[in-house]
Amino acid sequence: MRLTRYFLPVLRETPAEAQIVSHRLMLRAGMIRQQAAGIYSWLPLGWRVLRRIETIVHEEQQRAGHIPMLMPTLQPADLWRESGRYDDYGAEMLRITDRHKRDLLYGPTNEEMITDIFRAHVGSYKDLPLTLYHIQWKFRDEIRPRFGVMRGREFLMKDGYTFDIDRASALHAYNRHMVSYLRSYERMGLTAIPMRAASGPIGGDDTHEFLVLAATGESEVFYDDAVTGLRLGNRAIDYDDRAAVQAVCDEFTALYARTDETHDPVAFAAVPEARRRVGRGIEVGQIFYFATKYSAPMGATVVNAEGQRVPVHMGSHGIGVSRLVGAIIEASHDDRGIVWPEGVAPFPVGIVNLKQGDGAADAACAGLYAALVAKGIEPLYDDRDERAGAKFATMDLIGLPWRITVGPRGLAAGKVELTCRRTGESEEISPEAAVDRVAQVVAGR
Ligand code: ATP
Ligand code: MG
């Protein structure tokens with residue numbers, strides 16, 4: 001993409017309404033525009049990051065054997081009357097009446113709808129286990145929308161629903177979600193710690209939240225610092241192997257890590273003092289096993305191996321896709337701007353032409369651009385007629401992981417400059433070597 005043909009409305013001034021760094025940087029980098037309290041347009045750069053996060057979530061869910069689909073944003077109120085949540089949900093639910101005076105709502109979550117789909121089409125234990133998920137916009141009329149996309153009213157969520165014949169099988173589904181979530185967050189460059197949680201309006205006893213440590217987080221967290229060093233890395237995981245998946249979950253939940261809702265001061269006191277930490281965290285996901293809470297009242301049953309009709313065991317599992325954009329920035333920025341982890345960067349590399357209009361510099365940039373595209377990499381090429389300082393400031397603000405700087409002086413020696421946004425380190429190398437280096441990093445992400 002050439003910057004002169006793109007739409008990147010960066011702001012020079014720091015917007016006064018933004019209280020936290022991720023919100024400020026998203027506005028300054030031209031990623032979002034607020035349309036109403038807690039409701040945002042995703043401008044082209046923001047949209048690209050959102051799509052990267054969605055792609056990672058899709059890939060990791062399908063790797064775990066979970067099936068993508070799409071349910072609507074609007075739901076009939078009657079489904080929620082069946083579960084009893086139409087009244088329980090209260091003012092957070094956006095209620096809508098259509099021209100025939102039928103009650104609808106903008107879905108805050110989809111347990112009722114997926115249960116309805118299940119009961120219409122599944123009747124036997126032989127069709128289980130089943131996990132269906134979608135990535136869809138939700139609406140919750142939050143009393144205090146704030147922090148940009150972190151606490152919006154309209155927000156994008158991945159929500160998955162598991163159907164199993166019994167508790168043991170449902171807990172395996174729960175564990176698959178924990179592991180696939182850990183893997184997703186790691187690919188986004190995040191450390192998200194699973195913490196035992198309280199269940200709230202969705203219900204259920206077994207539930208963990210995933211928290212990204214950040215001073216601006218809304219949850220107070222208590223943890224053993226050793227938990228922050230755990231990594232899945234590239235280890236192979238067989239999602240059908242119950243014991244292996246359980247072992248990974250045990251590894252990641254053995255150390256003390258709780259939110260204020262479930263904090264146990266006595267257990268915390270057993271953590272070695274030097275490793276005891278109290279901090280704040282951003283909730284980027286939550287998993288629940290809630291047995292037959294929805295299936296029993298809504299009649300989602302299957303015939304089991306003994307020929308009896310029994311309610312199915314369910315769980316629901318969410319990732320805050322749009323909140324993650326803010327959470328990643330909270331965890332990865334410096335005083336010049338965003339520092340995108342490779343996995344979610346809107347463009348993997350930027351090209352800065354120091355002397356636009358200079359024949360050799362323009363040709364070298366065009367050559368780099370074509371060579372990157374030939375390797376399946378789309379660069380963002382700053383081809384504006386601007387000072388070098390302004391171009392560097394824009395690149396630093398929007399946080400692309402790599403920058404290739406092209407100028408007449410370097411070119412005379414056959415070199416361009418490759419700069420890493422995270423470390424600030426630069427190297428003078430040939431254009432071919434720069435392309436190869438970027439291609440290597442992109443292939444590994
Ligand atoms: P919170 O406690 O932050 O209000 P929640 O526990 O009500 O969130 P869940 O029902 O667990 O939310 O939804 C799954 C995920 O969706 C959350 O972990 C969070 O990442 C995201 N999410 C929830 N509410 C919002 C919101 N208002 N704006 C953006 N993301 C949200
Ligand atoms: Mg939650």
Side-chain angles (χ1 to χ4, degrees), residues 3 6-54 73 90-94 106 108 137-157 188-190 211-221 279-285 319-341 344-347 380 389-390 392-400 421:
L3 197 42
Y6 200 41
F7 181 67
L8 183 69
V10 299
L11 306 179
R12 237 174 260 288
E13 303 300 317
T14 298
E17 76 267 28
Q19 301 165 32
I20 62 171
V21 67
S22 58
H23 189 195
R24 280 198 292 275
L25 288 172
M26 287 183 77
L27 292 169
R28 285 195 50 218
M31 294 177 66
I32 51 169
R33 177 171 175 78
Q34 181 173 303
Q35 308 292 173
I39 300 178
Y40 291 87
S41 288
W42 291 79
L43 305 181
L45 195 78
W47 176 82
R48 289 184 78 104
V49 176
L50 198 62
R51 282 288 104 87
R52 289 284 322 150
I53 293 172
E54 273 189 272
T73 53
E92 269 197 18
M93 179 181 279
L94 180 64
Y106 194 129
W137 294 93
K138 305 291 187 289
F139 196 96
R140 295 182 188 173
D141 204 351
E142 300 274 355
I143 191 158
R144 214 149 80 84
R146 58 187 181 147
F147 301 158
V149 300
M150 296 254 260
R151 183 165 297 283
R153 293 197 295 165
E154 189 187 43
F155 60 97
L156 191 59
M157 194 207 283
M188 297 171 200
L190 284 175
L211 285 111
V212 172
L213 298 175
T216 49
E218 292 187 282
S219 314
E220 188 172 26
V221 296
R280 303 201 70 80
I282 301 166
E283 182 194 326
V284 292
I319 291 184
V321 173
S322 51
R323 178 179 287 181
L324 272 164
V325 180
I328 292 168
I329 297 173
E330 288 295 324
S332 188
H333 66 271
D334 61 21
D335 50 10
R336 288 174 295 146
I338 302 167
V339 181
W340 289 117
V344 298
F347 296 91
L380 182 64
F392 290 151
T394 300
M395 281 294 170
D396 285 347
L397 173 63
I398 68 172
L400 308 187
R421 175 69 181 87

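Counting from 1, the numbers follow the sequence of the chain as shown. Below, each value reflects all heavy atoms present in this structure, side chains not excepted, and no hydrogens, waters or symmetry copies.
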Heavy-atom pair of closest approach, residues [X] and [Y]:
X: M150; Y: G326; answer: SD-C, 3.8 Å
X: A331; Y: V212; answer: CB-CG1, 4.3 Å
X: P108; Y: M93; answer: CG-CE, 4.5 Å
X: A29; Y: L8; answer: O-CD1, 3.5 Å

Pairs flagged by salt bridge (charged side-chain N to carboxylate O under 4.0 Å, His left out) wherever residues 33-50 is involved - sequence neighbours left out: R48-E378
For residues 145-154, the salt bridge (charged side-chain N to carboxylate O under 4.0 Å, His left out) pairs (sequence neighbours left out) are D141-R153, E142-R151, R146-E218, R151-E218
Taking the side chain as every heavy atom from C-beta outward, state whether [X] and [Y] have any pair of such atoms under 4.5 Å apart.
X: W340; Y: V49; answer: yes
X: V149; Y: R323; answer: no
X: I398; Y: I338; answer: no
X: M188; Y: L324; answer: yes
X: F139; Y: F155; answer: no
X: L211; Y: V284; answer: no

To the nearest 0.5 Å, tell me how far [X] [atom1] sits from [Y] [atom2].
X: I329; Y: T216; atom1: CD1; atom2: OG1; value: 11.0 Å
X: K138; Y: S322; atom1: NZ; atom2: OG; value: 10.0 Å
X: W47; Y: M31; atom1: CH2; atom2: CE; value: 12.5 Å
X: E92; Y: I143; atom1: CD; atom2: CD1; value: 8.5 Å

Partners of R421 by salt bridge (charged side-chain N to carboxylate O under 4.0 Å, His left out), sequence neighbours excluded? D334, D396
Report the relative orientation of the aromatic rings in F347 and Y6; use parallel for angles under 30°, tilted for 30 to 60°, perpendicular for over 60°. perpendicular
Results of side chain to side chain contact (heavy atoms under 4.5 Å, CB included) for R280 - residues two or more places apart only: E220
Please set out all donor-acceptor pairs under 3.5 angstrom arising from side-chain atoms of residues 9-26, sequence neighbours excluded.
unit_1	atom_1	unit_2	atom_2	d
S22	OG	E330	OE2	2.6
H23	ND1	G148	N	3.4

Contacts table for residues 34-46: side-chain donor-acceptor under 3.5 angstrom, sequence neighbours left out:
unit_1	atom_1	unit_2	atom_2	d
Q34	OE1	Y40	OH	3.1
Q35	OE1	S41	OG	2.5

